[in-house]
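All values reported here derive from a predicted model rather than from experimental measurement. Protein chains get the first letters and strands the later ones, always in sequence-line order, with residue 1 at the start of each.
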Amino acid sequence: MKSRPKPYVFPEYCKGCGRCIDSCPKGCITMGKEVNPLTGLIPIELSLDQCSGCGLCISACPEPFGLRAQETEFEFELTDPKSFNGPRPKPLVKPFAIPGEVIPFAQTESLVTKGTYASAIGALLAGCRHFFGYPITPSTEGAELMAKLLPDLDGVFIQAVSEVATVNMMYGCSGAGLPCMTFTSSPGFSLMLEGISYSIGAELPGVFVNIMRGGPGLGNLGPEQADIKLVCRGLGHGNTHAIVLAPYTPQEMLDLTMLAFELTFKYRNPVIIVGDGYMGQMTGRVNLPKTMIKPGIPEWAVYGDESHRGNLICSIELNEADLERNNIHINNKYRQMTQNEQRADLYHCDDAEIILMACNTPARMAKGAVRELRKQGLKVGLFRPITLWPFPIDLLKPILSHTKQIITVEAGNGQLEDELRMALSHHNLECPSIDHVRRFGGILPQLKEIIEKVISVEEVLA
Amino acid sequence: MFGLKSDCILDIPEEYYTLADYESAIARWCPGCGDHGILTSVQRLCSEKQLAPENTVFVSGIGCSSRFPHYMKTYGFHGLHGRALPVACGVKFRRPDLHVFVATGDGDCCSIGTAHWIHAIRYNMNITVLLLDNEIYGLTKGQTSPTSSKGTVSNTNPHGSILPPINPIQTTLGVANASFVAQTVDWNPAHLYATIEAGFEHPGFSFIRILQRCPVFQKELFQPVINNPDEITLLTHKNGIQIDPAVAKMYKHTVDHDPSNLHEARELAENLDRQVIGLLYQDKTKERYDLYGAHNMGITPEEKQKAINLELDKFAV
C-alpha cells in the first residue's frame with residue numbers, strides 16, 4: 001500500500017480555529033493548551049499514531065501555510081512563504097499627498113445672485129466637483145445649480161434617495177479624498193447626523209450647508225436659527241464637534257464656503273455652514289475671488305492608486321485604549337480649532353457700552369440698528385460671530401471691559417445666547433448683563449424692536 | 001292602524017354622515033391638480049360607507065399628496081418624509097378597529113420611504129394606501145422622482161433623467177405577502193372610486209397606485225392617454241374592479257385578467273408601453289400582522305397578573 005503523507009503544522013501560522021479537529025476521522029488532532037509566544041494564539045496539537053494520511057485536515061485548514069503534508073523523504077528545506085509568488089513587482093510605497101494648486105482666476109464683474117447659488121459657486125471655485133443632495137425647501141436651488149453645472153465640469157451630481165443616502169455618499173466620496181458637499185435644511189440635516197458622527201470618527205472632510213427653517217418637526221419654510229444648538233453641540237452621537245460658519249450676506253455665503261473647504265481638509269473634520277431661510281434665498285452682489293483651487297489628494301485617502309492602497313477608512317476602535325487614544329487625538333483637533341479658528345466681525349465695538357450680538361440675517365437688522373442708534377449718540381456696537389463653534393470668545397474678551405450690556409438678537413429661542421453664556425463660563429469671565437430680542441417661527445427680529453430694546457436698556461443703565 | 005305593516009318602517013341609521021362631514025379646509029393644491037379628484041372620491045367613499053370620522057385616520061408623509069389629511073375632517077396624521085407607512089402601521093397595530101388610509105406620493109413612498117414601503121407590504125395590515133404618482137417632485141418645485149420616466153427634464157436632471165423609473169406596481173407585486181395591487185387614474189372618477197372602494201373592502205394591505213396629473217411640473221405627461229383612452233388597457237374580470245359598462249366602453253383595449261393570477265399580473269405590470277388600470281392582484285388569505293397585534297387586546301387584569309407572575313417567578317430566589 002502506498003503510504004500517504006501525514007500532516008505537520010507550522011505553529012506560527014495556526015490560529016487554532018479547530019476546523020481540522022472536526023474533519024479528522026481518527027481524532028488525531030486536539031485543541032492545544034499552550035499559547036504560541038510569536039502569535040499570542042493557541043495552535044492545535046497533532047498526535048499522528050492513528051493517522052491514516054487521508055489529508056482531510058490539510059484541505060480543511062483555512063491558512064495557506066498552516067497544516068501541510070510531510071514530504072516522503074524527511075529532508076526538506078523550509079521556504080519563506082513570502083517568496084512563493086515570486087518577488088513583489090514593486091515595494092509598498094508609503095502613502096503620500098498629492099498637493100493641490102492655487103490657480104489665478106480671471107477678474108470678472110460682480111454677480112447678482114442668491115445665497116445658495118453663491119455658496120454653490122464658492123464650492124466650485126474651491127474645487128468641489130462632487131455633489132450629493134435631496135430636494136428640500138429652502139435650499140434646493142443650490143443643488144439645482146450644481147445639477148446644471150457639474151456635468152459640464154467633469155463633476156458628479158447625484159440626487160440621492162434620501163438625506164441618509166446623501167450623507168453616506170459623501171462619506172464615500174470624502175473617504176476617497178475628494179471635496180464634496182451638500183445643501184439641506186433643518187429636517188434633512190437631522191437625518192444626516194448619524195453620518196456626520198461617523199465622518200468625524202473616521203476623520204473625513206465634508207461641507208454641509210444647512211439652510212435653517214422653522215421647527216421643530218416639519219415646522220415651516222420660514223427662516224429660523226433654531227439649529228444652532230444642534231450644529232454646535234449635537235452633531236450625532238459620541239464626542240463630536242465641527243467648525244460652524246455663519247454667513248450674513250450672499251458674498252459671505254461664497255467666501256465662507258471656500259473657507260469651509262480649506263478648513264475641512266486642514267482638520268479632517270466636517271464643516272457646517274448655517275444660514276437661515278432668508279440667507280439661502282437672499283439676492284445680493286457677489287464678487288468672485290482672484291484665485292481658485294485645484295484640490296490635491298491627501299495621503300490618508302482611499303483613492304484607488306498604488307500608493308494609497310494600505311489606507312482604511314473606519315470609525316470603529318474596539319479596543320478601549322485605542323478608542324481613548326483616538327478620542328484624545330480628536331479632542332486635540334478640537335482644541336486646535338478652538339485656538340486657531342475663532343472668527344468674528346466687530347462693528348463699532350471699540351467704545352461700545354451696549355453690544356448687540358447676532359449672526360445670519362438678524363445680524364443685518366442689528367447692524368441697521370447700530371447705525372441708527374449711533375446717529376442718536378448711543379454707544380452701541382455689533383459683535384457678529386462668524387464661527388459659532390468655536391465661539392469667538394478671544395475676540396469678545398478685549399471689549400468686555402467697557403461693555404455694560406449684551407443684547408442677543410436671534411430668530412430662535414436663545415441658542416446663540418447659550419453659546420455665549422457657555423463660552424463666558426468656560427473662560428471664567430464675569431458675565432455682563434445679557435438681554436435678548438427673539439422671534440420665532442419664520443419671523444425675524446425687526447429693526448424697530450431692536451432699537452426699542454436698546455433704548456429701554458439704555459434708560460435703565462443711565 | 002294606517003294599514004302599515006311593521007316591517008315597512010324605514011330603518012333610519014342613528015347617525016347619517018354627509019359629504020360635508022368629511023370636508024375640512026379648502027384644498028390648496030394647484031388648479032387642475034389630480035389630487036382634487038382623488039380627495040373627492042375618498043370623501044364620497046367615506047360617506048357611502050358611513051365611516052364615522054372619529055374612527056377614520058388619514059396618514060401621510062411629505063409632499064403635495066401629503067396635504068391630504070388637512071382636507072379630511074377625520075383624524076389626521078401628517079408624519080415625516082417617507083415615514084407615512086410606519087406611522088399607519090403603528091396606528092393600525094394597536095387600533096385595528098380604526099379605518100386607516102395612507103396618502104403618499106412617488107417621492108415619499110418610492111424614494112426616501114422605500115424600505116418602509118417594502119416591509120409594510122410584507123406586514124399586510126388592513127390599510128388602504130393611495131400612491132398619488134405624478135412622476136415629479138411638485139412641492140419642491142420640479143425635481144426628478146424615482147418614477148419619472150427616462151429622459152424627464154427636471155431641475156436636478158437638466159439634460160434628462162438617465163435611469164429607468166421604478167415601477168411601483170411591479171415592485172409591490174414582487175414583495176412577499178402582497179395581497180392587493182391595483183392601478184387607476186385620477187381623470188376617470190368612476191374607475192377611481194371603484195378601485196378605492198375595492199381597496200377599502202379588501203382585508204389587508206391594499207396598494208393603489210393612482211396616476212395623477214401635475215398641471216405645473218408635468219403638464220403633458222398624461223395628456224396622450226387622456227386624449228386617447230385606447231392607449232390604456234382596462235382589466236376586466238368578474239373578481240376585478242366593477243365599473244359602469246358605459247364607462248368601460250370608452251376603453252377599446254381590455255384584458256380579462258383574473259386577479260388571483262400573480263404571474264399574469266406581473267407580466268401586465270412589466271409592460272411600461274401600455275399602462276393598465278384595474279385590479280392586478282388580490283389574495284384575501286395572506287397573513288396579516290395587525291391580527292397578531294390585536295390578538296391579546298382586551299385580556300383581563302387577572303390574566304395580565306398571571307402572565308407577569310409566570311415570567312417574574314423565574315427570578316425568584
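The side chain to side chain contact (heavy atoms under 4.5 Å, CB included) search around Thr74(B) returns Tyr22(B), Pro53(B), Thr56(B), Phe58(B), Met72(B), not counting sequence neighbours. Evaluation of the ring-ring contact (aromatic ring centres under 6.0 Å, His included) rule for His81(B) yields Tyr134(A) as partners, not counting sequence neighbours.
Taking every heavy atom of both residues into account, Ala147(A) and Pro158(B) meet most closely at O-CG, 3.6 Å. Scanning both residues, Thr137(A) and Leu139(B), for their nearest heavy atoms gives OG1-O, 4.3 Å. Shortest non-hydrogen contact noted between Lys148(A) and His159(B) is O-NE2, 4.3 Å.
No more than 12 heavy atoms of other residues, nucleotides or ligands sit less than 6.0 Å from atom CD of Glu194(A). Crowding of Phe440(A) atom CZ: a count of heavy atoms from other residues, nucleotides or ligands under 6.0 Å exceeding 12. Environment of CZ in Arg285(A): sparse, with no more than 12 heavy atoms of neighbouring residues, nucleotides or ligands closer than 6.0 Å. The local environment of OH in Tyr303(A) is sparse, with at most 12 non-hydrogen atoms from other residues, nucleotides or ligands closer than 6.0 Å. Counting heavy-atom neighbours within 6.0 Å of Phe77(B) CZ, excluding the residue itself, gives a total of 12 or less.
Residue with the most contacts toward chain A among Thr140(B), Thr114(B), Asn157(B): Thr140(B) (heavy-atom pairs, distance under 4.5 Å). Across Asn155(B), Leu80(B), Ile62(B), the residue that shares the most heavy-atom pairs under 4.5 angstrom with chain A is Asn155(B).
Looking only at side-chain heavy atoms (C-beta outward), Thr140(A) and Gln143(B) come within less than 4.5 Å of each other.
Identified by a heavy-atom distance below 4.5 Å to chain B, contributing residues of residues 108-124 of chain A are lacking entirely. Interface residues of residues 154-191 of chain A toward chain B, defined by a heavy-atom distance below 4.5 Å and sorted by number: Phe157(A), Gln159(A), Ala160(A), Val161(A), Ser162(A), Glu163(A), Leu191(A).
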